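Structure first, then comments.
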Amino acid sequence: MACLEVCKEGKLKEEQEEACTQDGSVDWHGRPAIKAKSGQWTAGIIILLNQGLATLAFFGVGVNLVLFLTRVLDQNNAEAANNVSKWTGTVYIFSLVGAFLSDSYWGRYKTCAIFQVIFVIGLMSLSLSSYLFLIRPRGCGNQEMPCGSHSGLEITLFYLSIYLVALGNGGYQPNIATFGADQFDEDDPKEGHSKVAFFSYFYLALNLGSLFSNTILGYFEDEGMWALGFWASAGSALAALVLFLAGTTRYRHFKPSGNPLSRFSQVLVAAIRKCSVDMPPDTDELYDIDGNYSSMNGNRKILHTDEFKFLDRAAYISTRDVEEQKKGTHSMWRLCPVTQVEEVKCVLRLLPIWLCTIIYSVVFTQMASLFVEQGAAMKTTVSNFRIPPASMSSFDILSVALFIFLYRRVLDPLVARIKKKGSRGLTELQRMGIGLVIAIMAMVSAGIVECYRLKHADKDCMHCEGSSSLSIFWQVPQYAFIGASEVFMYVGQLEFFNAQTPDGLKSFGSALCMTSISLGNYVSSLLVTMVMKISTEDHMPGWIPGNLNKGHLDWFYFLLAGLTTIDLIVYIACARWYKSIKLEGKTAENIDDQVSFKL
């Protein structure tokens with residue numbers, strides 16, 4: 001009835017209900033959101049622009065960080081690659097912190113605003129510390145002029161700054177994706193279609209933002225103008241924050257659902273307490289709450305599923321539970337509703353799929369580390385113009401833009417017509433599988449390019465940047481393959497985890513996607529360390545030495561291709577086993593069509 005009060009003014013009841021969102025979202029004042037005055041593409045475009053500017057700022061630091069560490073801080077290739085992997089991994093670990101605060105206490109809007117402020121502070125601190133302390137003498141950090149030594153305090157200030165950047169961007173990133181999706185009512189057919197499209201455009205905005213970083217900022221930083229690049233990133237982050245705050249009154253919001261850890265713990269404790277009871281065959285006898293919405297801040301009810309039956313004991317109504325309910329002393333640590341039990345089941349079902357995405361992220365992270373180092377050892381000049389190795393990731397971005405267009409306008413409609421009438425195109429699980437296949441192709445391509453680069457390399461060089469006569473443009477296929485795989489894997493992940501997590505865990509769903517990237521970076525760092533330790537025995541230079549011309553980076557790429565192939569096989573098995581979340585009011589046919597792995 002609150003919706004009707006907001007939407008009155010002489011309209012009929014049916015018209016009033018139509019004017020308000022049906023998914024439980026509220027406006028800035030906490031009242032039910034009116035469709036015409038909130039959300040939709042007006043708010044969505046503001047968030048897309050915010051994402052583009054914030055991504056420009058983040059990649060203005062991240063894309064050339066490996067070169068900053070080698071040229072300014074004088075680290076070797078393996079050490080720099082490991083530090084970049086650890087830093088990037090930490091960015092995405094912080095996404096769990098942001099998701100927890102958002103889903104539990106702050107809500108997505110407040111969480112996005114706070115972490116963007118931290119992001120701006122970190123970038124300003126990095127700009128100041130680099131300009132005042134690290135880039136000495138002025139103009140150092142390019143190919144010709146090395147920088148001087150630095151004190152421990154200066155190095156500490158640098159790492160404090162970049163990890164503030166990691167905290168700010170990490171806490172903001174999973175929430176802005178989910179907050180953007182919140183602007184569309186999935187219970188409305190038209191807005192539901194826009195919500196699916198939003199994830200593709202969100203990833204496109206992310207890549208277009210990084211395009212400027214990889215080209216213009218990448219060029220300035222490669223020429224030693226590090227402070228200018230970092231200040232430009234700080235300015236972009238500040239503009240993103242101002243733009244985000246400007247749309248405040250237009251956004252739709254969902255109220256936080258409280259601490260999910262306590263809800264999960266209650267289910268586990270209640271199930272263990274009743275481990276010896278005989279469960280009834282009829283699931284209708286399990287404890288549930290009447291109506292389409294659960295008691296957890298209006299979140300939609302989740303229907304019972306048959307997996308992980310042990311957890312159903314948490315919803316079993318014992319004689320003691322009946323007595324406590326009559327007395328009004330019902331404890332959630334003894335009896336939980338079916339929706340709460342199904343929340344835990346949903347997360348458990350997602351874990352195998354999530355684990356299978358980690359190896360893909362190992363492949364993806366090579367683009368920011370070893371791809372750059374490989375490119376630096378190739379011929380990077382065209383006439384008198386030098387191409388910064390990090391700017392080659394522009395081809396990844398162009399590939400993302402091209403394949404988003406091809407997927408949405410060509411492939412998806414074509415598959416939908418081939419399948420039964422009324423069906424969608426490729427499901428999220430199918431697209432993620434295709435992404436793994438293309439990732440294998442990317443690693444094979446990178447390995448082949450490295451084989452030919454070594455054939456044209458001067459192995460006795462002292463300063464080995466540009467020491468191979470093979471053009472850097474031979475890297476284009478591996479970057480293009482990575483870009484194509486992202487469209488299928490990462491956009492599919494964003495949609496999948498957002499759709500398959502309960503209403504009170506939507507930011508957690510986006511954080512799962514980012515955490516797989518985080519663990520991928522840590523696994524990459526561990527893999528590089530293990531490979532170097534094994535391959536440097538008997539005084540050998542190893543696969544990834546400081547002078548790549550004496551190593552075998554190609555073998556490392558082929559190793560990743562083999563690991564990804566094994567991962568693909570495991571993923572197919574997990575995807576075929578997966579069962580979708582069942583929300584009240586959605587038909588089984590629609591659910592199966594959304595997530596089925598079978599063609």
Side-chain angles (χ1 to χ4, degrees), residues 21 23-33 38-39 43-44 46-47 50-51 53-54 57-58 90-122 163-184 198 202 237-238 240-266 293-300 340 343 347 494 497-498 501-515 518:
T21 56
D23 59 359
S25 58
V26 297
D27 62 15
W28 171 248
H29 301 287
R31 300 173 301 194
S38 65
I46 292 174
I47 291 171
N50 168 268
Q51 170 66 8
L53 289 169
F58 176 71
T90 304
V91 171
Y92 297 120
I93 284 293
F94 282 137
S95 69
L96 288 175
V97 177
F100 175 80
L101 292 173
S102 171
D103 287 335
S104 303
Y105 305 112
W106 290 354
R108 285 183 267 281
Y109 172 81
K110 185 177 180 180
T111 305
C112 287
I114 290 174
F115 280 103
Q116 282 188 83
V117 171
I118 296 173
F119 185 45
V120 171
I121 292 172
Y163 277 93
L164 272 177
V165 172
L167 173 61
N169 186 264
Y172 149 86
Q173 199 65 41
N175 293 295
I176 196 66
T178 311
F179 189 56
D182 288 347
Q183 307 311 309
F184 303 96
F198 173 82
F202 179 85
L238 181 60
L241 174 60
V242 172
L243 181 64
F244 178 79
L245 296 177
T248 296
T249 58
R250 181 74 194 192
Y251 299 136
R252 294 176 185 173
H253 307 265
F254 284 89
K255 297 177 181 178
S257 300
N259 189 343
L261 296 179
S262 64
R263 298 202 302 273
F264 283 29
S265 299
Q266 287 167 352
Y293 292 86
S294 73
S295 60
M296 295 179 292
N297 287 317
N299 295 334
R300 290 170 296 179
Q340 187 175 343
E343 270 194 335
V347 173
L494 281 171
F497 288 126
N498 184 268
T501 47
D503 288 344
L505 294 170
K506 292 297 184 184
S507 295
F508 173 76
S510 295
L512 277 180
C513 178
M514 296 187 64
T515 309
S518 166

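Just so you know, these numbers come straight off a predicted model, no measurement behind them.
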Original post:
NE2 of His253 to NE2 of His29: how many Å apart, nearest 0.5 Å?
Top reply: 9.5 Å
Subject >> Over all atoms of both residues, closest heavy-atom pair of Val91 and Ala166 >> reply: CG2-CB, 3.5 Å
Original post:
When you look at Phe508 and Leu512, which way does the side chain to side chain contact (heavy atoms under 4.5 Å, CB included) test go after all the steps?
Top reply: CA-CA 6 Å; Phe508 173 76; Leu512 277 180; 3.8 Å; yes
**OP:** Check Pro260 against Leu505 and note the closest heavy-atom contact, atom names and distance.
**Re:** CB-CD2, 3.5 Å
**OP:** Report yes or no: does Asn50 contribute a side-chain atom to a donor-acceptor pair with the main-chain N or O of Ala240 at less than 3.5 Å?
**Re:** yes
Original post:
What are the two closest non-hydrogen atoms of Gln183 and Ala43, and how far apart are they?
Top reply: OE1-CB, 3.6 Å
Original post:
Do the non-hydrogen side-chain atoms of Tyr109 and Leu245 ever get within less than 4.5 Å of each other?
Top reply: yes
Subject >> side chain to side chain contact (heavy atoms under 4.5 Å, CB included) involving Ser25 - partner list, sequence neighbours excluded >> reply: Thr21, Asp23, Ala33, Arg252, Phe254
**OP:** Would you give the length of the straight line joining atom CD1 of Ile47 to atom CZ of Phe244, rounded to the nearest 0.5 angstrom?
**Re:** 6.5 Å
Original post:
Centroid-to-centroid, Phe179 to Tyr172, below 6.0 Å?
Top reply: no
Subject >> Any residue meeting side-chain hydrogen bond (donor to acceptor under 3.5 Å, both in side chains) with Gln173, in chain and number order, not counting sequence neighbours >> reply: Gln51
Original post:
With sequence neighbours left out, what residues match Phe198 under ring pair (Phe, Tyr, Trp, His ring centres under 6.0 Å)?
Top reply: Phe184, Phe202
**OP:** Taking all heavy atoms of Thr501 and all of Gly509, pick out the closest pair and write down the distance.
**Re:** CG2-CA, 3.6 Å
Original post:
Excluding sequence neighbours, so at least two apart, what forms side-chain hydrogen bond (donor to acceptor under 3.5 Å, both in side chains) with Asn498?
Top reply: none
Original post:
What residues form a side chain to side chain contact (heavy atoms under 4.5 Å, CB included) with Val117, not counting sequence neighbours?
Top reply: Ile121, Leu241
Original post:
Phe119 and Val165: which non-hydrogen atoms are nearest, and at how many Å?
Top reply: CE1-CG1, 3.5 Å
Original post:
Under the side-chain hydrogen bond (donor to acceptor under 3.5 Å, both in side chains) test, which residues partner Ser262, sequence neighbours left out?
Top reply: none
Subject >> Under the side chain to side chain contact (heavy atoms under 4.5 Å, CB included) test, residues paired with Ala246 that sit two or more places apart >> reply: none
Original post:
Can you tell me how far CZ of Arg263 sits from CD of Glu343, rounded to the nearest 0.5 angstrom?
Top reply: 4.0 Å
**OP:** Write down the atom of Ala511, the atom of Pro174, and the distance for their closest heavy-atom approach.
**Re:** N-CB, 3.7 Å
Subject >> Pairing residues for Thr515 by the side-chain hydrogen bond (donor to acceptor under 3.5 Å, both in side chains) criterion, not counting sequence neighbours >> reply: none
Original post:
What is the distance from atom OG of Ser510 to atom CG of Leu96, rounded to the nearest 0.5 Å?
Top reply: 11.5 Å
Subject >> Any residue meeting side chain to side chain contact (heavy atoms under 4.5 Å, CB included) with Thr111, in chain and number order, not counting sequence neighbours >> reply: Ser102, Trp106, Phe115, Asn175
**OP:** Over 60° means perpendicular and under 30° means parallel, so classify the ring planes of Phe100 and Tyr105, tilted if in between.
**Re:** perpendicular
Original post:
Distance from Leu164 atom CG to Asn169 atom CG, nearest 0.5 Å?
Top reply: 12.5 Å
Subject >> Pairs where residues 104-117 contributes a residue and the test salt bridge (Lys or Arg N to Asp or Glu O under 4.0 Å) is met, not counting sequence neighbours >> reply: Asp103-Arg108, Arg108-Asp182
